[in-house]
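Bear in mind that the values here come from a model prediction, so they are computed numbers and not experimental data.
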Amino acid sequence: MEHFEKYYNLALRFLALRPRSEKEVVEYLKKKKVPEETMMQILSRLKEHRFLDDALFAKMWVESRTRGKPRSKWLLTRELTEKGIHNEIIETVFQGNQVVGSDLQMAKNAVGKRIERYRDLPRQEVYQKVGGFLARRGFNWDTSKQAIDDLLKERYNTDE
């Protein structure tokens, strides 16, 4: 039982840094060479006390990543999958989330202030720079082009 308490406290300290997915906790405990049976008991107690909840973790992850640096749904889905979140949970998070809009809206949010930097550059260079920025955020070219077109029209009353 003393091993359980020792490892349980390790898990709690790991979770105190930031919310984690179940997969992350399992990988951490394996790295600490926690026996399988003890690990299952720890996971059970963490879930029982709601310290470990993949659905809540996924919701918080998406909201945090969207507010800080907007990303495409594709990239957010990939990140959550790498964290061990199941597809059903991911779909539920995106369906009920008010923070995450369409990819087009998220691309516009990501580019909003950045496009001001390129106001005096030729149009082609704006597309290259902003398109590259959006590609690094996981947006496809069609979405990126539409977002850039819309923002240029809104801000500078240009038509194309």
Tell me which pairs pass salt bridge (Lys or Arg N to Asp or Glu O under 4.0 Å) where either residue lies in residues 134-143, with sequence neighbours left out.
none

Quick one, [X] and [Y] - any side-chain contact, counting heavy atoms below 4.5 Å?
X      : Y      : result
Leu12  : His49  : no
Val25  : Leu43  : yes
Arg65  : Leu75  : no
Val130 : Leu151 : no
Lys32  : Tyr28  : yes
Glu79  : Arg71  : yes
Arg13  : Leu10  : yes

Check for a donor-acceptor pair, side chain of Asp54 on one end and backbone N or O of Glu22 on the other, with a separation under 3.5 Å.
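Yes, the answer is positive, given that a donor and an acceptor are paired below the 3.5 Å cut-off.
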
How long is the gap from [atom1] on [X] to [atom2] on [Y], to the nearest 0.5 Å?
X      : Y      : atom1 : atom2 : value
Thr77  : Glu91  : OG1   : CD    : 9.0 Å
Glu36  : Leu29  : CD    : CG    : 10.0 Å
Leu80  : Lys23  : CG    : NZ    : 11.5 Å
Phe4   : Glu37  : CZ    : CD    : 11.0 Å
Ile148 : Phe133 : CD1   : CZ    : 10.5 Å

Lys/Arg cation over aromatic Phe14: Arg20, 6.0 Å, 45° cone:
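Yes, a cation-pi geometry.
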
Please report the closest heavy-atom contact between [X] and [Y], naming both atoms and the distance.
X      : Y      : answer
Leu134 : Ala107 : CD2-O, 3.8 Å
Ser72  : Asp103 : CA-OD1, 3.6 Å
Leu76  : Phe94  : CB-CZ, 3.8 Å
Leu46  : Ala11  : CD1-CB, 4.1 Å
Phe139 : Ser144 : CB-OG, 3.7 Å

Below 4.0 angstrom, N of the basic side chain to O of the carboxylate: do Lys31 and Glu27 qualify?
no

Between Arg45 and Glu5, does any side-chain N to carboxylate O distance fall below 4.0 Å?
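Salt bridge present between Arg45 and Glu5.
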
Can you tell me if CD on Glu48 sees more than 12 non-hydrogen neighbours from other groups inside 6.0 Å?
yes

Under the side chain to side chain contact (heavy atoms under 4.5 Å, CB included) rule, collect the residues that match up with Gln124, sequence neighbours excluded.
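Gln124 satisfies side chain to side chain contact (heavy atoms under 4.5 Å, CB included) with Gln128 only.
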
Just to verify, what does Lys83 make a side chain to side chain contact (heavy atoms under 4.5 Å, CB included) with, not counting sequence neighbours?
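Arg18, Ser21, Glu24, Phe57, Trp61, Ile85.
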
